[in-house]
2 protein chains.
Amino acid sequence: MRLLSIADETNSPPASLPDDPAQGSPGMAGVLGGTEIAIAYKIGYVLNFYREPSFRRIETEFGITRPEIVTLIVLNYREGVTASDICEFSGHLKANISRGILALEKKGLLRREADAADRRRQFLFMTEAGRALYARYIPMLREREKAMLACLTAAERRSFERILDKLAAHVPDWAAAGEL
Amino acid sequence: MRLLSIADETNSPPASLPDDPAQGSPGMAGVLGGTEIAIAYKIGYVLNFYREPSFRRIETEFGITRPEIVTLIVLNYREGVTASDICEFSGHLKANISRGILALEKKGLLRREADAADRRRQFLFMTEAGRALYARYIPMLREREKAMLACLTAAERRSFERILDKLAAHVPDWAAAGEL
DNA sequence: CGATAATAGTCTCATATGAGACATTACTCT
DNA sequence: AGAGTAATGTCTCATATGAGACTATTATCG
């Protein structure tokens, strides 16, 4: 019921994934592996159904935007970090993170302390209200993650995590420096 | 050089991924596996550095938005599909896909044909110009995908693909129906 | 030490995206 | 057959996001 509204009419996954052109409509499941960027496309596909509707729901229900959502997630892991840290470890743009931080502060969900060693920087901390808000939206994200991964065996899941770790650690190797 | 501008100043991955608090700034790499939605977060992290800057680049360089980019990618795989098909197999919202289709048509990159069996529906086809545009942006996406995956062994890559296939096929099981 | 470059975070403006309404068409049920 | 419901794609309006400029601070270089 609660999750029913997440992926309503506007963003529905296919009812099933056949790729049999003999069906009325030409089968489309093959597109997932058939694009020229098959792996990236599939990652995006899965994530589009997980992250986008989830974040939209949180935004509607709690009135916080993506950068705010992500900022609280990062701060839950570790407080006292800076906006730049959050940008680096989320892949979000600094203007958006900055805007999110200001919004959270305005809502009393976050506080800032200047870094004595570098007056440009600020350490960020969740307030109790921020912590409480985080606690309200994270269970849904966890449940949906669990549902998303339910189809994997324990071994597959471990393998997937290991590979993801590897991909994540490797990001700095290709994501900033020119590849040409 | 060409890719250098993709993940410029505003969206930089960490220079490295240490998680050693002994360093000046508390290590942050642990956040990737330390959030309460570790796998989803990591997927998003990797994709944030792949897809978001790539799409932003294409948008700037070719003047087409995400829904337009994705529409051409899907049509490259198979023409004659409908807007709904694209929504289903991309995870994008119908209003955005619709808007993208109209924009592509206006730019002469796509044409539409009514479905005789259902007057609400339209089959979509790339024009030659659309095909040419696709051919201009897809190599960069491919190259970046390749770079993203360069750290994996062949076996890891196969395993990753198999698991992604499984996750993708499983999406309809949890992404629409309520899980409660 | 002074000039220059880089960094951290914020701001303004433009534009893409999302919510929900809408018209048309198709389907279902009595 | 007709009413009610659902599906398809488009539109309007609101809002989130992105580009680039900006100020203050810090780092680097000769």
Side-chain angles (χ1 to χ4, degrees), chain A residues 5-12 15 24-25 48 52-61 63-71 81-88 90-106 110 112-124, chain B residues 5-12 15 24-25 48 52-61 63-71 81-88 90-106 110 112-124:
Chain A
S5 62
I6 285 212
D8 252 359
E9 35 97 12
T10 57
N11 179 19
S12 302
S25 158
N48 284 344
E52 312 309 322
S54 303
F55 279 14
R56 287 198 291 263
R57 173 69 187 273
I58 294 168
E59 195 169 304
T60 300
E61 192 163 331
I64 59 173
T65 61
R66 289 160 170 263
E68 292 169 74
I69 296 167
V70 167
T71 294
V81 300
T82 65
S84 295
D85 293 328
I86 296 175
C87 291
E88 286 201 38
S90 67
H92 285 256
L93 296 177
K94 71 177 180 177
N96 298 332
I97 293 294
S98 171
R99 186 189 296 120
I101 287 165
L102 291 175
L104 288 172
E105 187 184 43
K106 188 166 187 179
L110 167 154
R112 301 188 283 179
E113 284 180 19
D115 176 357
D118 183 340
R119 299 279 299 284
R120 297 171 299 181
R121 298 155 64 88
Q122 300 153 11
F123 297 127
L124 310 173
Chain B
S5 61
I6 286 212
D8 254 0
E9 34 97 15
T10 55
N11 177 21
S12 302
S25 157
N48 284 344
E52 312 309 322
S54 303
F55 279 13
R56 287 198 291 265
R57 174 68 189 275
I58 294 170
E59 194 167 304
T60 300
E61 192 163 329
I64 59 174
T65 60
R66 287 160 170 266
E68 292 170 73
I69 296 169
V70 167
T71 294
V81 299
T82 65
S84 295
D85 293 328
I86 296 176
C87 292
E88 286 200 40
S90 66
H92 284 255
L93 297 177
K94 69 175 179 178
N96 297 334
I97 294 293
S98 171
R99 188 189 294 121
I101 286 166
L102 291 175
L104 287 172
E105 186 184 43
K106 186 166 186 176
L110 167 154
R112 299 187 284 178
E113 284 181 18
D115 177 354
D118 183 341
R119 299 279 298 286
R120 298 170 300 181
R121 296 156 65 87
Q122 300 151 9
F123 297 127
L124 310 172

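Here the structure is a predicted model, which is why all the values come from computation and not from measurement. We name chains A, B, ... by the order of the sequence lines, and we start the count at 1 in each one.
In this structure, A/Asn96 reaches the bases: a heavy-atom distance under 4.0 Å links it to at least one base atom across the strands shown. Across all strands, B/Leu102 comes closer than 4.0 Å only to sugar-phosphate atoms, never to a base (heavy-atom distances).
Spacing between atom CD1 of B/Ile58 and atom C1' of C/dA16 amounts to 15 Å, rounded to whole angstrom units. A/Leu93 has its CG atom 16 Å from the P atom of D/dA16, to the nearest Å. Rounded to whole Å, atom C1' of C/dA16 lies 19 Å from atom CZ of B/Arg57. Straight-line distance from the NZ atom of B/Lys94 to the C1' atom of C/dC22: 10 Å, rounded to whole Å. Regarding B/Asp115, its CG atom lies at a distance of 12 Å from the C1' atom of C/dA26, rounded to whole Å. When rounded to the nearest whole Å, the span between CD1 of B/Ile86 and P of D/dT8 equals 13 Å.
Here the side chains of A/Thr82 and A/Phe123 are in contact, with some heavy-atom distance below 4.5 Å. Between A/Leu124 and A/Ile86, some side-chain heavy-atom pair lies under the 4.5 Å cut-off.
Nearest-nucleotide positions on DNA chain D place B/Ile97 closer to the 5' end than the other of B/Ile97 and A/Pro67. Annotation: of the two residues near DNA chain C, A/Gln122 and A/Glu59, the 5′-most nearest-nucleotide partner is A/Gln122.
Every residue meeting the salt bridge (Lys or Arg N to Asp or Glu O under 4.0 Å) condition with A/Arg120, not counting sequence neighbours, appears here in chain and number order: A/Asp118.
A donor-acceptor contact under 3.5 angstrom links the side-chain atoms of B/Arg99 to the base of C/dG18.
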Mind listing the N/O atom pairs, protein and nucleotides 1-7 of chain D, below 3.5 Å?
unit_1: D/dA7; atom_1: N3; unit_2: B/Arg120; atom_2: NH1; d: 2.6

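A side-chain N or O of A/Thr65 and one of A/Glu68 form a donor-acceptor pair less than 3.5 Å apart.
Considering B/Leu102, B/Ile97, B/Ile101 in turn, B/Ile97 is the only one that fulfils the side chain to side chain contact (heavy atoms under 4.5 Å, CB included) rule with B/Pro67.
Taking only side-chain nitrogens and oxygens, A/Thr65 never comes nearer than 4.0 Å to OP1 or OP2 of D/dA16.
Set against C/dA26, C/dT10, C/dA19, the side chain of B/Arg119 has C/dA26 as its closest nucleotide.
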